K.L.:
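Input: one structure, supplied below.
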Amino acid sequence: MTRDDEPRGTQIPSTMRVVFGIIMIIIYVGMGILLLINFFGWQGELLTWLRWGGGILFIVYGIWRAIRQFWGIDSSI
């Protein structure tokens, strides 16, 4: 059965998608900040590079999700 054939009552309400999207934005940005402040105590040269790179990527992706969420283009991609 395709998505178009489903009755309206079985689809996820749009408010739940908005709430889930906001929660995920908070998680991504929060994880990026935790990595940048070395919350997990990673030591070593390689882990420092991974921590900085991962932290920046998490924050940038969180901002990208926020832009898509609040401009309303999240459902079209």
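Just so we're clear, the structure is a prediction, and the values are computed from it rather than from any experiment.
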K.L.:
By side-chain contact (heavy atoms from CB on, under 4.5 Å), which residues pair with Leu57, not counting sequence neighbours?
P.N.:
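Here no residue qualifies.
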
K.L.:
Val60: what forms a side-chain contact (heavy atoms from CB on, under 4.5 Å) with it, not counting sequence neighbours?
P.N.:
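Listed in chain order: Ile56.
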
K.L.:
For residues 37-54, tabulate all N or O donor-acceptor pairs below 3.5 Å that involve a side-chain atom, not counting sequence neighbours.
P.N.:
residue, atom, partner, partner atom, Å
Asn38, OD1, Gly41, N, 3.3
Asn38, OD1, Trp42, N, 3.0
Thr48, OG1, Gly44, O, 2.7
Arg51, NH1, Leu35, O, 3.1
Arg51, NH1, Leu36, O, 3.1

K.L.:
Of all residues at least two apart in sequence or in a different chain, which pass the side-chain contact (heavy atoms from CB on, under 4.5 Å) check with Tyr28?
P.N.:
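Met24, Phe58, Tyr61, Arg65.
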
K.L.:
Return the set of residues passing ring-ring contact (aromatic ring centres under 6.0 Å, His included) with Phe20 (not counting sequence neighbours), or none when no residue passes.
P.N.:
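Here no residue qualifies.
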
K.L.:
Once you round to the nearest 0.5 Å, how far does CD1 of Ile22 lie from CD of Gln69?
P.N.:
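Those atoms lie 6.0 Å apart.
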
K.L.:
Can you give me the closest heavy-atom contact between Ile59 and Val29, atom names plus distance?
P.N.:
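Nearest pair, atom of Ile59 first, then Val29: CG1-O, 4.0 Å.
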
